[in-house]
**Student:** 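Just passing along the structure, written as structure tokens.
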Amino acid sequence: MSERDTICALASGQPPAAICILRLSGDKVWKVAGALLECGLPEPRHATLTKFRDEDSTLIDEGLALFMPGPHSYTGEDTLELYLHGGPAVIKHSLETLTAQPGVRLAEPGEFTRRAFEAGKLDLTEAEGVADIIEAETEAQKAQALRQLTGGLTETYDRWRAELTGVLALIEVMVDFPDEGDTPEDTVRPILDKLDLIITELEDALGDRGIGEKIRDGFRVAIVGPPNAGKSSLLNRIARREAAIVTDIAGTTRDVVEVRLVLGGQVVWLADTAGLRETADIVEAEGVRRAERAAREADLRIHVIDGANPEPPAGPVEQQDIVVFNKADQRSAALAPDSALPVSAATGEGVEKLESWIGSFISQRAASVEAPVITRARHREKLSAGLASLAQARQLLEDDMGAELAAEDVRMALRQLGAVIGTVGVEDILGAVFSQFCIGK
Ligand SMILES: Nc1nc2c(ncn2[C@@H]2O[C@H](COP(=O)(O)OP(=O)(O)OP(=O)(O)O)[C@@H](O)[C@H]2O)c(=O)[nH]1
Ligand SMILES: [K+]
Ligand SMILES: [Mg+2]
């Protein structure tokens, strides 16, 4: 443990700022404080006003120092925070001075939190919650991150694991005492009932339509329709910038052009797509293929009817989808189908209403799952694998094909669930998880 480097980093945002916070963690903290702070090692947990000097005694800045001795600190190690003026020169001089100390180096992204994880201060989902709350832009993202970092996911996964451990114990009894009088039905039935309860809960969790991931990464809305309907013009109008090329040539858009917005309190990726039509042009045909895929994968489609040439939507219109009648500035909305919203990408007419329809659909969709227990693809993968193992165990028990094999499958499911919260088999994924953090966290 003592061989470990002491790490330091700027924990606050980009300079210039009123104040910056520099953070140090590791067993050289007391040495660094003794060498560079006029106050020496500050009294634990007391903000101490002090001068901060480099190795040549040149004054770097004056500010507050806060010492949090391990193990009762974020990382579990001795930790020192310096609150200085947040100018680039102060920060540069500070970090150069700190990293010039023996055994002190700059932290890698997420390294403070990784140390906290390794010290058992938080589990993997809680650590991910820390990363997410830093990235959170919407209130919904913040609430979800906060729930996660305070153990909201841990609680559910722990409960599942506890219940499965109980099931495993029952199966192991069957393995150890195969013929203890009861009929197989008497012993197996209660186990199957317990397994079914857990299997149903996992299926429910996996059937959440990806809401947790979408709150975090964004919902998908696709603008679709025939060439020249004004899809790109509409995207630009909603994005309030010229994100996509607009011309009067049919077949202008080929690639999917996405803009990131906040609508209905949620992050939304709004996609402009190629006009849907039969075409011999291989580039345009690829655009149409991409358009169709974007439409399929979207949570919601905006079908644009060209007011200049009104035709009913060509692609499948799902119940939640919105149909708009564009170019209402030019063409009478009387031509529009009943349920279509008249809009004009040119003048902006009806666009506010469209935004509010999109927003209310997305916010309802987001609220359709109360507390998602999957917020990343990583969780979904492990949970699906766990469910598959349990389904297999169930089949083996039901068909009387061997309790031993069933027990092995339940153990496998336990490992999959454990990997979500990071209690087992996660060495290989830690690098990937923590490298997504910012430096200083
Ligand atoms: N008058 C009027 N013209 C519009 C409106 N929206 C788009 N246009 C015009 O319609 C033409 C086609 O617009 P685009 O936005 O490129 O249409 P698109 O659906 O993206 O077309 P493709 O990418 O080729 O499929 C352009 O000349 C636009 O200026 C509108 O609301 N009113
Ligand atoms: K066009
Ligand atoms: Mg276009």
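Every number for a ligand or one of its atoms is a count from 1 in the order of the listing. Numbering of residues begins at 1 and proceeds along the displayed sequence.
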**Student:** For the residue pair Asp123 / Thr125, report whether a side-chain donor-acceptor contact shorter than 3.5 Å exists.
**Tutor:**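 Yes, Asp123 and Thr125 have a side-chain donor paired with an acceptor closer than 3.5 Å.
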**Student:** Please examine the side chains of Val29 and Thr79, heavy atoms only from C-beta on, and report whether any two atoms are closer than 4.5 Å.
**Tutor:**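 In short, these two side chains do not touch, never coming nearer than 4.5 Å.
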**Student:** Specify the protein heavy atom at minimum distance from atom 17 (O) of ligand 1: its residue, its atom name, and the distance to 0.1 Å.
**Tutor:**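 In this structure, atom 17 (O) of ligand 1 has Gly230 N, 3.1 Å as its nearest protein heavy atom.
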**Student:** Under 4.0 Å, heavy atoms only, figure out whether ligand 1 is touched by the backbone of Asn326, its side chain, both or neither.
**Tutor:**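 Under 4.0 Å from ligand 1, Asn326 contributes side-chain atoms alone.
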**Student:** Please could you name the atoms of ligand 1 that Thr253 approaches to less than 4.0 Å, counting only its heavy atoms?
**Tutor:**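 Result: 23 (O).
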**Student:** For atom 13 (O) of ligand 1, find the nearest protein heavy atom and state the residue, atom name and distance (0.1 Å precision).
**Tutor:**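 In this structure, atom 13 (O) of ligand 1 has Ser233 OG, 3.6 Å as its nearest protein heavy atom.
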**Student:** With the K ion (ligand 2) as the centre, enumerate protein N/O/S atoms below 3.4 Å in chain and residue order.
**Tutor:**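 Short answer, with waters excluded from the count: Asn228 OD1, Thr247 O, Ile249 O, Thr252 OG1.
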**Student:** Start with the C-alpha gap between Arg415 and Glu408, add the side-chain angles, then the distance that decides, and say whether salt bridge (Lys or Arg N to Asp or Glu O under 4.0 Å) holds.
**Tutor:** CA-CA 11 Å; Arg415 277 198 290 278; Glu408 195 41 55; 3.6 Å; yes
**Student:** Could you check which of Gly275, Pro227, Gly251 puts a non-hydrogen atom nearest to atom 24 (O) of ligand 1?
**Tutor:**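 Considering heavy atoms of Gly275, Pro227, Gly251, the nearest to atom 24 (O) of ligand 1 sits in Gly251.
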**Student:** Find the distance between NZ (Lys382) and CD1 (Ile421) and round it off to the nearest 0.5 Å.
**Tutor:**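 CD1 of Ile421 is found 13.0 Å from NZ of Lys382.
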**Student:** Provide, to 0.1 Å, the distance between atom 22 (P) of ligand 1 and the closest protein heavy atom, together with that atom's residue and name.
**Tutor:**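 Going by distance alone, atom 22 (P) of ligand 1 is nearest to Asn228 N, 3.6 Å.
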**Student:** Does a salt bridge link Glu111 with Arg115, judged by any charged N lying under 4.0 Å from a carboxylate O?
**Tutor:**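 Here Glu111 pairs with Arg115 in a salt bridge, since their nearest N and O are under 4.0 Å apart.
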**Student:** Which protein N, O or S atoms does the Mg ion (ligand 3) have within a distance shorter than 2.8 Å?
**Tutor:**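 Hits for the Mg ion (ligand 3) below 2.8 Å: Ser232 OG, Thr253 OG1.
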**Student:** So, regarding Asp272 and ligand 1 (criterion: nitrogen or oxygen to nitrogen or oxygen, under 3.5 Å), is there a contact or not?
**Tutor:**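 Asp272 vs ligand 1: no N/O contact under 3.5 Å.
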**Student:** Heavy-atom distance to atom 32 (N) of ligand 1: which of Val224, Val343, Leu234, Asp329 wins?
**Tutor:**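 Closest candidate by heavy-atom distance is Asp329.
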**Student:** If you count the atoms of ligand 1 from 1 in the order shown, which ones are under 4.0 Å from a heavy atom of Asp248?
**Tutor:**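 Those qualifying, in numeric order: 27 (O).
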**Student:** Need the ligand 1 atom indices (1-based, order shown) with element for anything under 4.0 Å from a heavy-atom of Ala345.
**Tutor:**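 Answer for ligand 1: 6 (N), 31 (O).
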**Student:** Mind checking what makes salt bridge (charged side-chain N to carboxylate O under 4.0 Å, His left out) contact with Glu349, not counting sequence neighbours?
**Tutor:**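 Checked Glu349 against salt bridge (charged side-chain N to carboxylate O under 4.0 Å, His left out); zero matches.
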**Student:** Under 4.0 Å from a heavy atom of Ser344: which atoms of ligand 1 are those, numbered in the order shown and with their elements?
**Tutor:**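 Those of ligand 1 that fall under 4.0 Å from Ser344 are 31 (O).
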**Student:** Tell me the protein heavy atom at minimum distance from atom 5 (C) of ligand 1, and give that distance in Å.
**Tutor:**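 I find the closest protein heavy atom is Lys327 CG, 3.6 Å.
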**Student:** Quick check: do Val32 and Thr6 have side-chain heavy atoms less than 4.5 Å from each other?
**Tutor:**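 No - every pair of side-chain heavy atoms lies 4.5 Å or more apart.
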**Student:** With a cutoff of 4.0 Å, is Ile249 in contact with ligand 1, counting heavy atoms of the residue only?
**Tutor:**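 Contact check Ile249 vs ligand 1: positive.
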**Student:** Show me which atoms of ligand 1 lie under 4.0 Å from any heavy atom of Ala250.
**Tutor:**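 Atoms satisfying the 4.0 Å criterion: 24 (O).
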**Student:** Find the distance between CG (Asp132) and CD (Gln141) and round it off to the nearest 0.5 Å.
**Tutor:**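 One finds 8.5 Å between CG of Asp132 and CD of Gln141.
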**Student:** Checking Thr375 against Gln148: is there a side-chain donor and acceptor pair closer than 3.5 Å?
**Tutor:**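 Their side chains do contain a donor-acceptor pair, which is all the 3.5 Å distance test asks for.
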**Student:** Taking all non-hydrogen atoms of both residues into account, name the closest pair between Pro372 and Leu153 and its distance.
**Tutor:**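 Shortest heavy-atom separation between Pro372 and Leu153 comes out as O-CD1, 3.8 Å.
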**Student:** What is the distance from atom CG of Leu146 to atom CD of Glu139, rounded to the nearest 0.5 Å?
**Tutor:**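 Here the rounded value is 9.0 Å.
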**Student:** Working note: Asp27 + Arg4, criterion salt bridge (Lys or Arg N to Asp or Glu O under 4.0 Å); need CA distance, chi angles, decisive distance, verdict.
**Tutor:** CA-CA 8 Å; Asp27 59 8; Arg4 202 169 195 188; over 6 Å; no
**Student:** Mark up the atoms of ligand 1 that fall under 4.0 Å of a heavy atom belonging to Thr247, in ascending order.
**Tutor:**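 Answer, ordered by atom number: 11 (C), 12 (C), 13 (O), 16 (O), 26 (C), 27 (O).
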**Student:** What heavy-atom pair brings Leu10 and Cys20 nearest, and what distance separates the two atoms?
**Tutor:**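 Smallest interatomic distance, heavy atoms only, reads CD1-CB, 3.8 Å.
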**Student:** Using side-chain heavy atoms (C-beta onward) and a distance below 4.5 Å, is Leu390 in contact with Val410?
**Tutor:**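 Yes. Closest side-chain heavy atoms under 4.5 Å.
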**Student:** Got the closest protein heavy atom to atom 18 (P) of ligand 1, with its distance?
**Tutor:**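 For this ligand atom, the closest protein heavy atom is Lys231 N, 3.5 Å.
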**Student:** Look at Lys231 together with Asp272 and state whether they make a salt bridge at an N to O cut-off of under 4.0 Å.
**Tutor:**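 Salt bridge absent between Lys231 and Asp272.
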**Student:** Which heavy atom of Val343 sits nearest to which heavy atom of Gly350, and what is that distance?
**Tutor:**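 What the structure gives for the nearest pair is CG1-O, 3.6 Å.
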**Student:** Does this structure show an ion pair linking Glu135 with Arg216, if we count only N-O contacts that are shorter than 4.0 Å?
**Tutor:**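 A salt bridge is absent here (no side-chain N lies under 4.0 Å from a carboxylate O).
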**Student:** What distance do Leu261 atom CG and Ile358 atom CD1 have between them, rounded to the nearest 0.5 Å?
**Tutor:**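 One finds 8.5 Å between CG of Leu261 and CD1 of Ile358.
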**Student:** Among all protein heavy atoms in this structure, tell me which lies nearest to atom 28 (C) of ligand 1, with the distance rounded to 0.1 Å.
**Tutor:**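 For atom 28 (C) of ligand 1, the nearest protein heavy atom is Val246 CG1, 3.8 Å.
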**Student:** Show which side-chain atoms of residues 364-371 pair as donor or acceptor with protein atoms under 3.5 Å away, not counting sequence neighbours.
**Tutor:**
residue: Ser368; atom: OG; partner: Arg365; partner atom: O; Å: 2.6

**Student:** Distance under 4.0 Å to a non-hydrogen atom of Gln330: what atoms of ligand 1 satisfy this?
**Tutor:**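 It comes down to these atoms of ligand 1: 1 (N).
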**Student:** Where on Asp306 is there a heavy atom closer than 4.0 Å to ligand 1, on the side chain, on the backbone, on both, or on neither?
**Tutor:**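 Neither; no heavy atom under 4.0 Å.
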